[in-house]
Protein chains: 2
Amino acid sequence: MNNPLIRKLQQFTKLSSDERQVLEQVAAEGVRQLGTREDIIREGDKPQALNLILSGWACRYKHLEDGRRQIIAFFLPGDLCDNHVFVLREMDHSVGTLTPVTFAQIPRRRIDEITLEYPRVTQALWWESLVNTAIQREWTVSLGQRDALERMAHLLCELFLRLRSVGLTQENRCELPLTQSELADAMGLSTVHVNRTLQELRAANLIVLKGRTLTIPDLDALQSAGQFNPNYLHLEHEGRHLDANE
Amino acid sequence: MNNPLIRKLQQFTKLSSDERQVLEQVAAEGVRQLGTREDIIREGDKPQALNLILSGWACRYKHLEDGRRQIIAFFLPGDLCDNHVFVLREMDHSVGTLTPVTFAQIPRRRIDEITLEYPRVTQALWWESLVNTAIQREWTVSLGQRDALERMAHLLCELFLRLRSVGLTQENRCELPLTQSELADAMGLSTVHVNRTLQELRAANLIVLKGRTLTIPDLDALQSAGQFNPNYLHLEHEGRHLDANE
DNA sequence: GTCGTTGCATAACCCATGTTAAGGCGATCT
DNA sequence: AGATCGCCTTAACATGGGTTATGCAACGAC
(Lines give C-alpha, C1' and ligand atoms only; values in the text may rest on other atoms or scores of the structure.)
Protein backbone atom coordinates (compact mmCIF):
# COMPACT_ATOMS: atom_id res chain seq x y z
CA MET A 1 0.00 0.00 0.00
CA ASN A 2 1.73 3.11 -1.20
CA ASN A 3 -0.93 5.75 -1.10
CA PRO A 4 0.29 8.27 1.45
CA LEU A 5 -3.15 9.75 1.98
CA ILE A 6 -4.58 6.43 3.11
CA ARG A 7 -1.61 5.90 5.33
CA LYS A 8 -2.11 9.25 6.92
CA LEU A 9 -5.86 8.97 7.38
CA GLN A 10 -5.39 5.67 9.14
CA GLN A 11 -3.63 7.57 11.87
CA PHE A 12 -7.04 8.94 12.61
CA THR A 13 -9.43 6.07 11.93
CA LYS A 14 -9.40 2.55 10.61
CA LEU A 15 -10.64 2.31 7.05
CA SER A 16 -12.41 -0.67 5.49
CA SER A 17 -11.13 -2.13 2.25
CA ASP A 18 -14.02 -0.46 0.41
CA GLU A 19 -13.03 2.85 1.83
CA ARG A 20 -9.40 2.34 1.02
CA GLN A 21 -10.33 1.33 -2.48
CA VAL A 22 -12.26 4.49 -3.23
CA LEU A 23 -9.30 6.52 -2.06
CA GLU A 24 -6.90 4.47 -4.19
CA GLN A 25 -9.12 5.07 -7.15
CA VAL A 26 -9.33 8.78 -6.57
CA ALA A 27 -5.56 8.98 -6.38
CA ALA A 28 -5.16 7.10 -9.64
CA GLU A 29 -7.36 9.35 -11.75
CA GLY A 30 -6.24 12.69 -13.08
CA VAL A 31 -2.61 12.24 -12.14
CA ARG A 32 -0.30 15.07 -13.18
CA GLN A 33 3.41 15.73 -12.91
CA LEU A 34 5.39 18.90 -12.58
CA GLY A 35 9.07 19.75 -12.26
CA THR A 36 10.77 21.86 -9.62
CA ARG A 37 9.49 25.38 -9.02
CA GLU A 38 6.35 25.27 -11.08
CA ASP A 39 2.91 26.43 -10.01
CA ILE A 40 0.11 23.99 -9.35
CA ILE A 41 -2.39 26.79 -8.92
CA ARG A 42 -2.05 30.57 -8.81
CA GLU A 43 -3.52 33.43 -6.84
CA GLY A 44 -6.59 34.59 -8.71
CA ASP A 45 -7.39 31.21 -10.27
CA LYS A 46 -10.80 29.67 -9.78
CA PRO A 47 -10.18 26.30 -8.19
CA GLN A 48 -12.03 23.50 -9.95
CA ALA A 49 -10.39 20.53 -8.34
CA LEU A 50 -8.75 19.38 -5.17
CA ASN A 51 -5.07 18.52 -5.49
CA LEU A 52 -3.62 15.55 -3.68
CA ILE A 53 0.16 15.35 -3.46
CA LEU A 54 1.34 11.83 -4.25
CA SER A 55 5.10 12.40 -4.27
CA GLY A 56 7.45 15.34 -3.86
CA TRP A 57 7.20 18.56 -1.87
CA ALA A 58 5.14 21.66 -2.60
CA CYS A 59 4.20 24.80 -0.76
CA ARG A 60 1.54 27.42 -0.38
CA TYR A 61 3.01 30.88 -0.79
CA LYS A 62 2.21 34.50 -1.27
CA HIS A 63 4.22 37.34 -2.77
CA LEU A 64 4.08 40.91 -1.54
CA GLU A 65 4.22 43.70 -4.08
CA ASP A 66 7.87 44.43 -3.46
CA GLY A 67 8.98 40.88 -4.05
CA ARG A 68 9.11 39.57 -0.52
CA ARG A 69 7.70 36.07 -0.34
CA GLN A 70 6.20 34.10 2.50
CA ILE A 71 5.86 30.34 2.36
CA ILE A 72 2.66 29.71 4.26
CA ALA A 73 2.68 25.94 4.40
CA PHE A 74 4.59 22.93 3.19
CA PHE A 75 2.79 20.13 1.40
CA LEU A 76 4.17 16.63 1.71
CA PRO A 77 2.99 13.41 0.09
CA GLY A 78 -0.51 12.62 1.30
CA ASP A 79 -1.45 16.26 1.77
CA LEU A 80 -4.51 17.79 0.18
CA CYS A 81 -4.18 21.36 -0.98
CA ASP A 82 -7.21 23.04 0.49
CA ASN A 83 -10.12 20.84 1.12
CA HIS A 84 -13.29 22.35 -0.31
CA VAL A 85 -11.72 25.52 -1.65
CA PHE A 86 -14.29 25.56 -4.37
CA VAL A 87 -16.65 27.24 -1.95
CA LEU A 88 -14.49 30.33 -2.46
CA ARG A 89 -14.60 32.29 -5.67
CA GLU A 90 -10.91 32.54 -6.27
CA MET A 91 -7.54 31.61 -4.82
CA ASP A 92 -6.01 34.15 -2.46
CA HIS A 93 -2.57 32.53 -2.71
CA SER A 94 -0.54 30.23 -4.92
CA VAL A 95 0.66 26.67 -4.59
CA GLY A 96 3.97 25.74 -6.18
CA THR A 97 6.32 22.80 -6.27
CA LEU A 98 9.63 22.67 -4.45
CA THR A 99 10.77 19.41 -6.02
CA PRO A 100 9.37 17.42 -8.92
CA VAL A 101 5.83 16.54 -7.84
CA THR A 102 3.23 13.97 -8.77
CA PHE A 103 -0.28 14.88 -7.80
CA ALA A 104 -3.86 13.86 -8.49
CA GLN A 105 -6.52 16.39 -9.43
CA ILE A 106 -9.72 15.29 -7.82
CA PRO A 107 -12.78 16.87 -9.42
CA ARG A 108 -15.39 18.42 -7.23
CA ARG A 109 -17.94 15.85 -8.29
CA ARG A 110 -15.84 13.00 -6.91
CA ILE A 111 -15.62 14.70 -3.55
CA ASP A 112 -19.36 15.15 -3.43
CA GLU A 113 -19.89 11.48 -4.23
CA ILE A 114 -17.52 10.40 -1.51
CA THR A 115 -19.18 12.71 0.98
CA LEU A 116 -22.52 11.08 0.28
CA GLU A 117 -21.38 7.48 0.24
CA TYR A 118 -18.51 7.19 2.69
CA PRO A 119 -19.17 9.04 5.93
CA ARG A 120 -16.07 7.67 7.60
CA VAL A 121 -13.85 8.87 4.77
CA THR A 122 -15.57 12.24 4.94
CA GLN A 123 -14.85 12.38 8.64
CA ALA A 124 -11.22 11.49 8.01
CA LEU A 125 -10.90 14.21 5.39
CA TRP A 126 -12.34 16.62 7.93
CA TRP A 127 -9.67 15.54 10.35
CA GLU A 128 -6.94 16.09 7.78
CA SER A 129 -8.16 19.56 7.04
CA LEU A 130 -8.49 20.49 10.72
CA VAL A 131 -4.95 19.28 11.35
CA ASN A 132 -3.75 21.50 8.55
CA THR A 133 -5.35 24.53 10.10
CA ALA A 134 -3.85 23.54 13.45
CA ILE A 135 -0.45 23.50 11.78
CA GLN A 136 -1.15 26.96 10.42
CA ARG A 137 -1.94 28.17 13.93
CA GLU A 138 1.29 26.72 15.23
CA TRP A 139 3.21 28.60 12.54
CA THR A 140 1.59 31.76 13.84
CA VAL A 141 2.95 30.94 17.27
CA SER A 142 6.41 30.20 15.90
CA LEU A 143 6.61 33.36 13.83
CA GLY A 144 5.21 35.48 16.62
CA GLN A 145 7.07 34.17 19.64
CA ARG A 146 9.92 31.82 18.90
CA ASP A 147 13.40 33.02 18.07
CA ALA A 148 15.32 31.73 15.09
CA LEU A 149 16.76 28.65 16.79
CA GLU A 150 13.50 27.57 18.36
CA ARG A 151 11.64 28.24 15.16
CA MET A 152 14.01 26.12 13.12
CA ALA A 153 14.03 23.27 15.61
CA HIS A 154 10.26 23.39 15.77
CA LEU A 155 9.85 23.24 12.02
CA LEU A 156 12.24 20.34 11.65
CA CYS A 157 10.38 18.37 14.32
CA GLU A 158 7.09 19.05 12.59
CA LEU A 159 8.34 18.00 9.18
CA PHE A 160 9.93 14.86 10.58
CA LEU A 161 6.77 13.74 12.36
CA ARG A 162 4.61 14.52 9.35
CA LEU A 163 6.89 12.52 7.10
CA ARG A 164 6.91 9.69 9.61
CA SER A 165 3.13 9.57 9.56
CA VAL A 166 3.22 8.79 5.85
CA GLY A 167 6.10 6.37 6.14
CA LEU A 168 8.75 8.58 4.62
CA THR A 169 11.36 8.34 7.33
CA GLN A 170 14.09 5.79 7.97
CA GLU A 171 14.80 5.51 11.68
CA ASN A 172 15.88 9.01 12.64
CA ARG A 173 16.44 10.25 9.10
CA CYS A 174 14.35 11.86 6.41
CA GLU A 175 14.74 13.87 3.24
CA LEU A 176 14.79 17.61 3.47
CA PRO A 177 14.77 18.84 -0.11
CA LEU A 178 14.59 22.51 0.84
CA THR A 179 17.17 25.16 0.10
CA GLN A 180 18.16 27.53 2.86
CA SER A 181 16.41 30.29 1.00
CA GLU A 182 13.15 28.34 1.01
CA LEU A 183 13.56 27.71 4.71
CA ALA A 184 14.12 31.43 5.10
CA ASP A 185 10.92 32.31 3.25
CA ALA A 186 8.98 29.92 5.44
CA MET A 187 10.41 31.09 8.75
CA GLY A 188 10.47 34.79 8.10
CA LEU A 189 14.26 34.91 8.35
CA SER A 190 17.04 35.92 5.97
CA THR A 191 19.05 33.21 4.24
CA VAL A 192 22.13 34.31 6.10
CA HIS A 193 20.44 33.84 9.41
CA VAL A 194 19.02 30.48 8.42
CA ASN A 195 22.58 29.45 7.70
CA ARG A 196 23.78 30.71 11.09
CA THR A 197 20.92 28.94 12.80
CA LEU A 198 21.58 25.64 11.09
CA GLN A 199 25.23 25.90 12.11
CA GLU A 200 24.15 26.44 15.64
CA LEU A 201 21.87 23.40 15.59
CA ARG A 202 24.69 21.33 14.12
CA ALA A 203 27.15 22.59 16.71
CA ALA A 204 24.75 21.52 19.46
CA ASN A 205 24.46 18.08 17.86
CA LEU A 206 20.76 18.56 17.47
CA ILE A 207 20.77 17.85 13.76
CA VAL A 208 22.97 16.40 11.05
CA LEU A 209 22.13 17.94 7.73
CA LYS A 210 24.12 16.85 4.72
CA GLY A 211 22.85 17.32 1.19
CA ARG A 212 19.19 16.63 1.25
CA THR A 213 19.25 14.26 4.20
CA LEU A 214 18.29 15.34 7.68
CA THR A 215 19.27 13.16 10.63
CA ILE A 216 17.94 13.86 14.10
CA PRO A 217 20.20 12.08 16.58
CA ASP A 218 17.98 12.87 19.55
CA LEU A 219 14.43 13.83 18.72
CA ASP A 220 13.56 14.64 22.32
CA ALA A 221 16.43 17.08 22.51
CA LEU A 222 15.42 18.79 19.28
CA GLN A 223 11.84 18.97 20.49
CA SER A 224 12.78 20.69 23.68
CA ALA A 225 15.09 23.10 21.83
CA GLY A 226 12.06 24.13 19.80
CA GLN A 227 9.52 23.99 22.63
CA PHE A 228 7.82 21.47 20.38
CA ASN A 229 4.67 19.79 21.62
CA PRO A 230 3.23 17.39 19.06
CA ASN A 231 -0.33 17.67 20.32
CA TYR A 232 -1.35 20.02 17.51
CA LEU A 233 -0.66 17.32 14.93
CA HIS A 234 -3.44 15.24 16.48
CA LEU A 235 -1.72 11.96 15.68
CA GLU A 236 -4.12 9.94 17.70
CA HIS A 237 -2.56 6.56 17.14
CA GLU A 238 0.78 6.94 18.83
CA GLY A 239 2.88 3.86 19.36
CA ARG A 240 4.94 2.11 16.75
CA HIS A 241 5.87 3.90 13.54
CA LEU A 242 6.68 2.08 10.36
CA ASP A 243 9.65 3.16 8.32
CA ALA A 244 9.55 3.52 4.58
CA ASN A 245 10.99 0.12 3.94
CA GLU A 246 8.79 -1.90 6.28
CA MET B 1 -32.20 41.67 12.58
CA ASN B 2 -29.38 41.67 15.07
CA ASN B 3 -27.79 38.31 14.63
CA PRO B 4 -24.27 39.05 13.43
CA LEU B 5 -23.75 35.56 12.06
CA ILE B 6 -26.68 35.89 9.69
CA ARG B 7 -25.47 39.29 8.66
CA LYS B 8 -22.07 37.93 7.91
CA LEU B 9 -23.23 34.84 6.05
CA GLN B 10 -25.36 36.99 3.81
CA GLN B 11 -22.17 38.50 2.49
CA PHE B 12 -21.67 35.13 0.92
CA THR B 13 -25.15 33.98 -0.07
CA LYS B 14 -28.75 35.04 0.23
CA LEU B 15 -30.63 33.16 2.91
CA SER B 16 -34.33 32.36 2.91
CA SER B 17 -36.44 33.27 5.91
CA ASP B 18 -36.49 29.59 6.91
CA GLU B 19 -32.75 29.50 6.83
CA ARG B 20 -32.45 32.71 8.77
CA GLN B 21 -34.90 31.40 11.31
CA VAL B 22 -32.95 28.26 12.05
CA LEU B 23 -29.85 30.37 12.61
CA GLU B 24 -31.76 32.75 14.87
CA GLN B 25 -32.96 29.81 16.87
CA VAL B 26 -29.53 28.30 17.20
CA ALA B 27 -28.19 31.61 18.47
CA ALA B 28 -30.93 31.88 21.06
CA GLU B 29 -30.37 28.50 22.72
CA GLY B 30 -27.55 27.86 25.14
CA VAL B 31 -26.58 31.48 25.55
CA ARG B 32 -23.79 32.14 28.05
CA GLN B 33 -22.05 35.22 29.33
CA LEU B 34 -18.53 35.83 30.56
CA GLY B 35 -16.61 38.83 31.85
CA THR B 36 -13.29 40.17 30.66
CA ARG B 37 -10.32 37.80 30.52
CA GLU B 38 -12.09 34.55 31.18
CA ASP B 39 -11.65 31.33 29.26
CA ILE B 40 -14.37 29.97 27.02
CA ILE B 41 -12.45 26.77 26.41
CA ARG B 42 -8.97 25.61 27.41
CA GLU B 43 -6.15 23.70 25.81
CA GLY B 44 -6.69 20.04 26.65
CA ASP B 45 -10.49 20.27 26.89
CA LYS B 46 -12.65 17.98 24.82
CA PRO B 47 -14.88 20.25 22.77
CA GLN B 48 -18.55 19.27 22.94
CA ALA B 49 -20.10 22.31 21.36
CA LEU B 50 -19.46 25.01 18.84
CA ASN B 51 -19.29 28.52 20.27
CA LEU B 52 -20.83 31.43 18.44
CA ILE B 53 -19.82 34.90 19.57
CA LEU B 54 -22.88 37.14 19.83
CA SER B 55 -21.30 40.22 21.37
CA GLY B 56 -17.88 41.25 22.62
CA TRP B 57 -14.39 40.27 21.55
CA ALA B 58 -12.50 37.04 22.24
CA CYS B 59 -9.31 35.43 21.03
CA ARG B 60 -7.63 32.15 20.38
CA TYR B 61 -4.29 31.97 22.16
CA LYS B 62 -1.49 29.73 23.21
CA HIS B 63 1.06 30.00 26.01
CA LEU B 64 4.63 28.79 25.76
CA GLU B 65 6.22 27.20 28.78
CA ASP B 66 8.14 30.30 29.74
CA GLY B 67 5.09 32.52 29.79
CA ARG B 68 5.26 34.04 26.33
CA ARG B 69 1.82 34.21 24.80
CA GLN B 70 0.69 34.37 21.20
CA ILE B 71 -2.79 35.51 20.27
CA ILE B 72 -3.56 33.41 17.23
CA ALA B 73 -6.84 34.95 16.14
CA PHE B 74 -9.41 37.50 17.17
CA PHE B 75 -13.07 36.57 17.42
CA LEU B 76 -15.65 39.25 16.74
CA PRO B 77 -19.44 39.05 16.94
CA GLY B 78 -20.70 36.59 14.36
CA ASP B 79 -17.58 34.45 14.53
CA LEU B 80 -17.69 30.73 15.21
CA CYS B 81 -14.88 29.32 17.27
CA ASP B 82 -13.73 26.33 15.26
CA ASN B 83 -16.28 24.77 13.08
CA HIS B 84 -16.36 21.01 13.58
CA VAL B 85 -13.61 20.85 16.14
CA PHE B 86 -15.33 17.88 17.67
CA VAL B 87 -13.63 15.76 15.04
CA LEU B 88 -10.45 16.31 17.06
CA ARG B 89 -9.90 14.64 20.37
CA GLU B 90 -8.84 17.64 22.35
CA MET B 91 -8.18 21.36 22.05
CA ASP B 92 -4.62 22.31 21.16
CA HIS B 93 -5.15 25.91 22.24
CA SER B 94 -7.41 28.06 24.39
CA VAL B 95 -10.10 30.60 23.65
CA GLY B 96 -10.54 33.49 26.06
CA THR B 97 -12.50 36.70 26.26
CA LEU B 98 -11.00 40.15 25.82
CA THR B 99 -14.13 42.04 26.82
CA PRO B 100 -17.36 40.84 28.39
CA VAL B 101 -18.75 38.34 25.89
CA THR B 102 -22.12 36.80 25.12
CA PHE B 103 -21.96 33.59 23.18
CA ALA B 104 -24.15 30.65 22.21
CA GLN B 105 -23.04 27.08 22.71
CA ILE B 106 -24.35 25.07 19.82
CA PRO B 107 -24.40 21.36 20.52
CA ARG B 108 -22.97 19.01 17.98
CA ARG B 109 -26.39 17.49 17.35
CA ARG B 110 -27.80 20.81 16.18
CA ILE B 111 -25.00 21.20 13.68
CA ASP B 112 -25.64 17.74 12.30
CA GLU B 113 -29.34 18.53 11.91
CA ILE B 114 -28.61 21.72 10.05
CA THR B 115 -26.14 19.97 7.80
CA LEU B 116 -28.82 17.49 6.80
CA GLU B 117 -31.67 19.91 6.33
CA TYR B 118 -30.19 23.18 5.12
CA PRO B 119 -27.55 22.69 2.45
CA ARG B 120 -27.25 26.38 1.76
CA VAL B 121 -26.59 27.16 5.39
CA THR B 122 -24.05 24.35 5.47
CA GLN B 123 -22.35 25.88 2.47
CA ALA B 124 -22.34 29.27 4.13
CA LEU B 125 -20.79 27.82 7.29
CA TRP B 126 -18.14 26.23 5.12
CA TRP B 127 -17.45 29.61 3.65
CA GLU B 128 -17.12 31.18 7.09
CA SER B 129 -14.67 28.55 8.18
CA LEU B 130 -12.60 28.82 5.00
CA VAL B 131 -12.41 32.57 5.43
CA ASN B 132 -11.13 32.06 8.95
CA THR B 133 -8.34 29.85 7.74
CA ALA B 134 -7.54 32.40 5.04
CA ILE B 135 -7.21 35.00 7.78
CA GLN B 136 -4.86 32.69 9.61
CA ARG B 137 -2.72 32.38 6.50
CA GLU B 138 -2.60 36.13 6.14
CA TRP B 139 -1.37 36.42 9.71
CA THR B 140 1.44 34.07 8.77
CA VAL B 141 2.37 36.46 5.98
CA SER B 142 2.21 39.45 8.31
CA LEU B 143 4.30 37.88 11.02
CA GLY B 144 6.80 36.51 8.55
CA GLN B 145 7.29 39.43 6.20
CA ARG B 146 5.76 42.69 7.31
CA ASP B 147 7.52 45.10 9.62
CA ALA B 148 5.84 46.56 12.67
CA LEU B 149 4.15 49.47 10.90
CA GLU B 150 2.83 47.40 8.03
CA ARG B 151 1.71 44.69 10.38
CA MET B 152 -0.24 47.08 12.54
CA ALA B 153 -1.83 48.87 9.60
CA HIS B 154 -2.75 45.53 8.12
CA LEU B 155 -4.38 44.27 11.29
CA LEU B 156 -6.40 47.43 11.76
CA CYS B 157 -7.68 47.24 8.18
CA GLU B 158 -8.67 43.63 8.70
CA LEU B 159 -10.50 44.28 11.93
CA PHE B 160 -12.30 47.27 10.49
CA LEU B 161 -13.55 45.36 7.46
CA ARG B 162 -14.57 42.39 9.52
CA LEU B 163 -16.51 44.62 11.88
CA ARG B 164 -18.10 46.39 8.93
CA SER B 165 -19.28 43.08 7.54
CA VAL B 166 -21.33 42.53 10.69
CA GLY B 167 -22.55 46.11 10.88
CA LEU B 168 -20.38 47.18 13.79
CA THR B 169 -18.84 50.28 12.25
CA GLN B 170 -20.08 53.85 12.06
CA GLU B 171 -18.78 55.53 8.93
CA ASN B 172 -15.00 55.35 9.35
CA ARG B 173 -15.05 54.47 13.03
CA CYS B 174 -15.21 51.30 15.08
CA GLU B 175 -14.49 50.05 18.55
CA LEU B 176 -11.08 48.69 19.32
CA PRO B 177 -11.30 47.29 22.84
CA LEU B 178 -7.76 45.92 22.88
CA THR B 179 -4.94 46.96 25.16
CA GLN B 180 -1.54 47.59 23.65
CA SER B 181 -0.28 44.50 25.36
CA GLU B 182 -2.96 42.41 23.67
CA LEU B 183 -2.04 43.93 20.34
CA ALA B 184 1.57 43.07 21.12
CA ASP B 185 0.73 39.42 21.83
CA ALA B 186 -1.13 39.22 18.54
CA MET B 187 1.51 40.85 16.39
CA GLY B 188 4.58 39.28 17.93
CA LEU B 189 5.87 42.65 19.13
CA SER B 190 6.73 44.12 22.52
CA THR B 191 4.25 46.51 24.14
CA VAL B 192 6.79 49.29 23.89
CA HIS B 193 7.11 48.80 20.18
CA VAL B 194 3.37 48.62 19.70
CA ASN B 195 3.19 51.99 21.39
CA ARG B 196 5.87 53.44 19.13
CA THR B 197 4.14 52.03 16.08
CA LEU B 198 0.76 53.47 17.04
CA GLN B 199 2.40 56.86 17.55
CA GLU B 200 3.87 56.59 14.11
CA LEU B 201 0.52 55.75 12.55
CA ARG B 202 -1.04 58.69 14.39
CA ALA B 203 1.70 61.04 13.28
CA ALA B 204 1.09 60.02 9.68
CA ASN B 205 -2.64 60.70 10.12
CA LEU B 206 -3.39 57.13 9.23
CA ILE B 207 -5.38 56.48 12.39
CA VAL B 208 -7.03 58.31 15.25
CA LEU B 209 -7.11 56.12 18.31
CA LYS B 210 -8.62 57.54 21.45
CA GLY B 211 -9.85 55.35 24.24
CA ARG B 212 -11.52 52.38 22.69
CA THR B 213 -12.49 54.11 19.47
CA LEU B 214 -10.53 53.74 16.27
CA THR B 215 -11.10 56.21 13.44
CA ILE B 216 -9.59 55.64 10.03
CA PRO B 217 -9.60 58.97 8.18
CA ASP B 218 -8.45 57.43 4.91
CA LEU B 219 -8.94 53.70 4.56
CA ASP B 220 -7.14 53.51 1.24
CA ALA B 221 -4.09 55.14 2.74
CA LEU B 222 -4.07 52.76 5.69
CA GLN B 223 -4.48 49.83 3.34
CA SER B 224 -1.51 50.79 1.28
CA ALA B 225 0.60 51.43 4.38
CA GLY B 226 -0.11 47.83 5.35
CA GLN B 227 0.08 46.35 1.85
CA PHE B 228 -3.46 45.27 2.59
CA ASN B 229 -5.40 43.46 -0.10
CA PRO B 230 -8.89 42.48 1.06
CA ASN B 231 -9.18 39.54 -1.30
CA TYR B 232 -8.43 37.03 1.44
CA LEU B 233 -11.57 38.02 3.31
CA HIS B 234 -13.64 36.79 0.37
CA LEU B 235 -16.34 39.39 0.88
CA GLU B 236 -18.04 38.57 -2.34
CA HIS B 237 -20.83 41.13 -2.13
CA GLU B 238 -18.94 44.36 -2.27
CA GLY B 239 -20.82 47.59 -2.77
CA ARG B 240 -22.77 49.39 -0.09
CA HIS B 241 -22.09 48.71 3.57
CA LEU B 242 -24.64 49.35 6.24
CA ASP B 243 -23.59 51.04 9.43
CA ALA B 244 -24.69 49.85 12.81
CA ASN B 245 -27.54 52.29 13.06
CA GLU B 246 -29.08 51.76 9.65
C1' DG C 1 37.24 21.25 -20.45
C1' DT C 2 35.13 26.03 -19.13
C1' DC C 3 31.44 28.95 -18.38
C1' DG C 4 27.27 29.99 -16.15
C1' DT C 5 24.27 28.98 -12.37
C1' DT C 6 22.70 27.67 -7.93
C1' DG C 7 23.37 26.84 -3.19
C1' DC C 8 26.24 27.09 0.98
C1' DA C 9 29.36 29.53 4.11
C1' DT C 10 31.33 33.55 6.47
C1' DA C 11 32.46 38.33 7.73
C1' DA C 12 31.58 43.27 8.79
C1' DC C 13 28.42 46.38 9.67
C1' DC C 14 23.76 48.25 10.74
C1' DC C 15 19.06 48.80 12.17
C1' DA C 16 14.47 47.35 13.80
C1' DT C 17 12.87 45.85 17.64
C1' DG C 18 13.47 44.17 22.50
C1' DT C 19 14.48 45.31 27.46
C1' DT C 20 14.43 47.79 31.50
C1' DA C 21 13.02 51.47 33.96
C1' DA C 22 10.46 55.39 35.35
C1' DG C 23 6.64 58.62 35.28
C1' DG C 24 1.82 60.05 34.23
C1' DC C 25 -3.05 59.79 34.07
C1' DG C 26 -7.74 58.34 34.64
C1' DA C 27 -10.83 55.14 36.98
C1' DT C 28 -12.24 53.02 41.10
C1' DC C 29 -12.19 52.08 46.01
C1' DT C 30 -12.24 53.57 50.80
C1' DA D 1 -9.21 63.36 49.31
C1' DG D 2 -5.82 59.99 49.09
C1' DA D 3 -4.41 55.37 47.63
C1' DT D 4 -4.23 51.85 44.35
C1' DC D 5 -4.35 49.84 39.89
C1' DG D 6 -4.26 49.21 34.99
C1' DC D 7 -2.80 51.14 31.00
C1' DC D 8 -0.21 54.37 28.19
C1' DT D 9 4.05 56.92 27.26
C1' DT D 10 8.85 57.88 26.88
C1' DA D 11 13.86 57.32 27.29
C1' DA D 12 18.36 54.90 27.29
C1' DC D 13 20.46 51.14 26.10
C1' DA D 14 21.13 46.20 24.26
C1' DT D 15 20.74 42.68 20.77
C1' DG D 16 18.90 39.43 17.36
C1' DG D 17 18.64 39.27 13.03
C1' DG D 18 19.02 41.91 8.38
C1' DT D 19 22.06 43.55 4.60
C1' DT D 20 25.68 43.52 1.61
C1' DA D 21 29.45 41.43 -0.07
C1' DT D 22 32.66 37.82 -1.25
C1' DG D 23 34.41 33.16 -1.90
C1' DC D 24 33.85 28.47 -2.97
C1' DA D 25 32.06 23.93 -4.42
C1' DA D 26 28.93 21.22 -7.22
C1' DC D 27 26.66 20.62 -11.41
C1' DG D 28 24.84 21.03 -16.08
C1' DA D 29 25.21 22.91 -20.85
C1' DC D 30 27.76 22.94 -24.79
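The chains referred to below are lettered A, B, ... by the order of the sequence lines, with proteins before strands, and numbering in each begins at 1.
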Rounded distance in Å - [atom1] ([X]) to [atom2] ([N]):
X	N	atom1	atom2	answer
A:L183	D:dG17	CG	C1'	16 Å
A:K210	C:dA9	NZ	P	12 Å
B:R68	D:dG16	CZ	P	13 Å

CA sep, side-chain torsions, deciding dist, call: A:H93, B:V141, side-chain contact (heavy atoms from CB on, under 4.5 Å): CA-CA 11 Å; A:H93 63 272; B:V141 176; over 6 Å; no
For [X] and [Y], which I'm curious about, is there any donor-acceptor pair between the side chains at under 3.5 Å?
X	Y	answer
B:T140	A:Q136	yes
A:H193	A:R196	yes
A:T102	A:S55	yes

Evaluation steps, side-chain contact (heavy atoms from CB on, under 4.5 Å), between B:D82 and B:R60: CA-CA 10 Å; B:D82 271 328; B:R60 219 195 277 287; 2.7 Å; yes
B:F74 and B:W139 aromatic ring geometry - parallel, tilted or perpendicular at 30°/60° bounds: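 The rings of B:W139 and B:F74 stand perpendicular, inter-plane angle above 60°.
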Minimum side-chain heavy-atom gap A:E182-A:R37 below 4.5 Å: yes
Note, A:L168 side chain near A:C174 side chain (heavy atom, < 4.5 Å): no
Proximity to DNA chain C (any heavy atom under 4.0 Å), residues of residues 143-159 of chain A only: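 None - not one residue of the stretch has a heavy atom sitting under 4.0 Å from the strand.
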Residues touching DNA chain C, which here means a heavy atom under 4.0 Å, drawn from residues 186-203 of chain A: A:V192, A:N195, A:R196, A:Q199, A:R202
Contact pattern, 5' to 3', of nucleotides 25-30 of chain D - B, S or - by protein heavy atom under 4.0 Å: ------
Reference residue B:L52; test side-chain contact (heavy atoms from CB on, under 4.5 Å); the match among B:V31, B:L80, B:D79: B:L80
Exceeds 12 heavy-atom contacts within 6.0 angstrom, atom CZ of B:R42: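 Check fails, neighbour count at 12 or below.
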